Protein chains: 2
Amino acid sequence: MSIKYAILGYLSWRPLSGYDLKKLIADSVAFHWTGNNSQIYTTLVDLHREGLVTQELQPQEHYPTRKVYTITERGRADLRTWLAMMPELPQLRNGFLTQLAWADCLTAPELDALLAKYETEVQMQLLMCREQARRGSVSPARTPREGNLWRMLAENRIGFYEHEVAWAQRVRRELAAGAGEAGGAATPSTGGGTE
Amino acid sequence: MSIKYAILGYLSWRPLSGYDLKKLIADSVAFHWTGNNSQIYTTLVDLHREGLVTQELQPQEHYPTRKVYTITERGRADLRTWLAMMPELPQLRNGFLTQLAWADCLTAPELDALLAKYETEVQMQLLMCREQARRGSVSPARTPREGNLWRMLAENRIGFYEHEVAWAQRVRRELAAGAGEAGGAATPSTGGGTE
DNA sequence: CAGATCATGTAACTGGTTACATGATTCA
DNA sequence: TGAATCATGTAACCAGTTACATGATCTG
């Protein structure tokens with residue numbers, strides 16, 4: 001349950017409503033979630049039941065009542081123990097790589113189009129990341145160190161996308177080169193055996 | 001449904017049983033799945049019902065009957081249309097980054113330990129990737145181009161892990177440097193506003 | 001003899017996604 | 001007037017994970 005700690009994290013910064021959280025999480029490229037308010041609301045209910053947050057009702061004149069959640073001491077403790085624990089490995093579940101793995105049945109132009117599409121798509125993400133990094137975005141920079149951490153997180157994402165773009169370009173170049181001398185003899189199959 | 005196409009992909013290579021597929025998918029760093037035979041068996045049943053694969057029973061003397069699945073023309077067509085379609089963006093759901101985002105409540109040594117752990121863990125993955133790349137591994141290199149593709153997929157993964165290790169090291173260095181001049185005045189909070 | 005390998009599966013659960021429902025208010 | 005924003009939620013679904021069940025046979 002990763003979103004649990006994303007929420008707890010934000011609440012460790014300051015009290016927030018479900019609606020606030022939804023915006024923060026959706027807007028931030030950091031944990032790029034999908035639309036997904038539902039999960040946030042239900043998770044908040046769970047957190048409340050577990051006593052990790054408290055709920056305060058803030059009735060408003062012209063809008064529905066806000067439910068503002070505040071992290072408790074137990075909540076902070078829970079967050080802290082999770083933090084100190086095992087660093088989860090990044091699970092590189094990249095659908096596109098699965099696609100490429102079986103893309104040999106496409107024609108050369110089709111394959112290149114696919115890679116080109118991927119390249120521009122990733123480039124777009126990259127631009128958004130850069131843009132968000134440029135204007136320091138919504139980071140709680142409570143200490144200089146926290147500011148640094150968030151900057152380095154942004155760098156990580158940017159670096160990832162840069163790597164991905166560069167890789168896609170290299171693949172396209174190499175495939176184009178390979179196609180030039182195609183037909184039969186040249187570029188002997190580097191690939192390994194059949195297990 | 002990504003595993004559907006991972007399976008269909010392997011079957012486009014050659015007929016396989018659920019057990020074969022489990023090993024191929026589990027062993028390959030490419031789509032690093034978890035243990036997970038269950039999903040494979042159930043997906044095969046679905047594929048069979050959809051007419052994308054055919055099933056052949058191969059009774060054996062001393063072992064349980066193998067159920068060997070062969071991709072059909074419709075299966076190949078399905079795979080092909082999926083391939084040519086939208087390249088899925090990589091969803092960078094890296095739990096560790098979420099951890100770091102809220103790690104400012106850890107002490108400097110705790111934080112460094114966390115990063116060090118991450119670094120070695122990723123390095124381990126990197127070694128495995130390199131090792132598997134070195135001995136051409138289980139890739140169907142039906143054409144020179146397919147061999148190249150799989151090589152480049154391996155490069156992608158290796159590059160990712162290399163980037164991750166280098167980044168972790170840089171973060172540790174910078175945090176160490178920041179800690180030296182800590183206390184108050186130095187390194188002004190680069191972080192942005194509160195939206 | 002213990003543990004891995006061969007080979008099949010079922011059931012329950014978790015985490016995330018999509019779609020839907022409601023209703024006032026502000027802005028173009 | 002129609003769309004976006006504020007603000008709450010429910011229900012169904014999908015993909016992936018964990019744990020469990022069975023049983024022979026081969027390997028150390």
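Note that the structure is predicted; figures quoted are calculated from it, not measured.
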Length of the line joining [X]:[atom1] and [N]:[atom2], which is rounded to integer Å:
X: B:Tyr41; N: C:dC6; atom1: OH; atom2: P; value: 11 Å
X: B:Leu44; N: C:dG9; atom1: CG; atom2: C1'; value: 12 Å
X: A:Leu16; N: D:dT8; atom1: CG; atom2: P; value: 11 Å
X: A:Lys22; N: D:dG9; atom1: NZ; atom2: P; value: 13 Å
X: B:Ile40; N: D:dT18; atom1: CD1; atom2: P; value: 14 Å
X: B:Leu47; N: D:dA15; atom1: CG; atom2: P; value: 12 Å

With sequence neighbours left out, write down each residue that passes salt bridge (charged side-chain N to carboxylate O under 4.0 Å, His left out) with [X], or none if nothing qualifies.
X: B:Glu162; result: B:Arg130
X: B:Lys4; result: B:Glu50, B:Asp78
X: B:Arg80; result: A:Glu110

Go through [options] for me and flag the one nearest to the [X] side chain.
X: A:Ser38; options: C:dA19, C:dT8, D:dT17; result: C:dA19
X: B:Lys67; options: C:dT8, D:dT8, D:dT18; result: C:dT8
X: B:Tyr19; options: C:dA19, D:dC6, C:dT5; result: C:dT5

Decide yes or no, distance alone: a donor-acceptor N/O pair under 3.5 angstrom between the base of D:dT8 and the side-chain of A:Thr65.
-> no
In residues 48-56 of chain A, which residues come under 4.0 Å of DNA chain C by heavy atom?
-> none
Taking the hydrophobic residues Ile, Leu, Val, Met, Phe, Trp and Tyr, and joining any pair whose side-chain heavy atoms are under 4.5 Å apart, which ones share a cluster with A:Tyr41?
-> A:Tyr19
Which residues pass the side-chain hydrogen bond (donor to acceptor under 3.5 Å, both in side chains) test with [X], not counting sequence neighbours?
X: A:Arg49; answer: A:Asp46
X: B:Glu155; answer: A:Arg170
X: A:Ser38; answer: A:Asn36

So which pairs with a foot in residues 118-128 of chain B pass salt bridge (charged side-chain N to carboxylate O under 4.0 Å, His left out), sequence neighbours left out?
-> B:Lys117-B:Glu121, B:Glu119-B:Arg172
Heavy-atom contacts, protein to nucleotides 21-28 of chain C, under 4.0 Å, summarised as B (base), S (sugar-phosphate only) or - (none) per nt, yield --B-SS--
Overall bend - the helix from C:dC1-D:dG28 to C:dA28-D:dT1, comparing terminal axes fitted on five pairs, nearest 10 degrees = 40°
Is any side-chain nitrogen or oxygen of B:Asn36 closer than 4.0 Å to OP1 or OP2 of D:dG16?
-> no
Kindly give the atom pairs (protein nitrogen or oxygen, nucleotide nitrogen or oxygen) under 3.5 Å for nucleotides 12-15 of chain C.
residue, atom, partner, partner atom, Å
C:dG15, OP1, A:Met1, N, 2.8
C:dG15, O5', A:Met1, N, 3.2

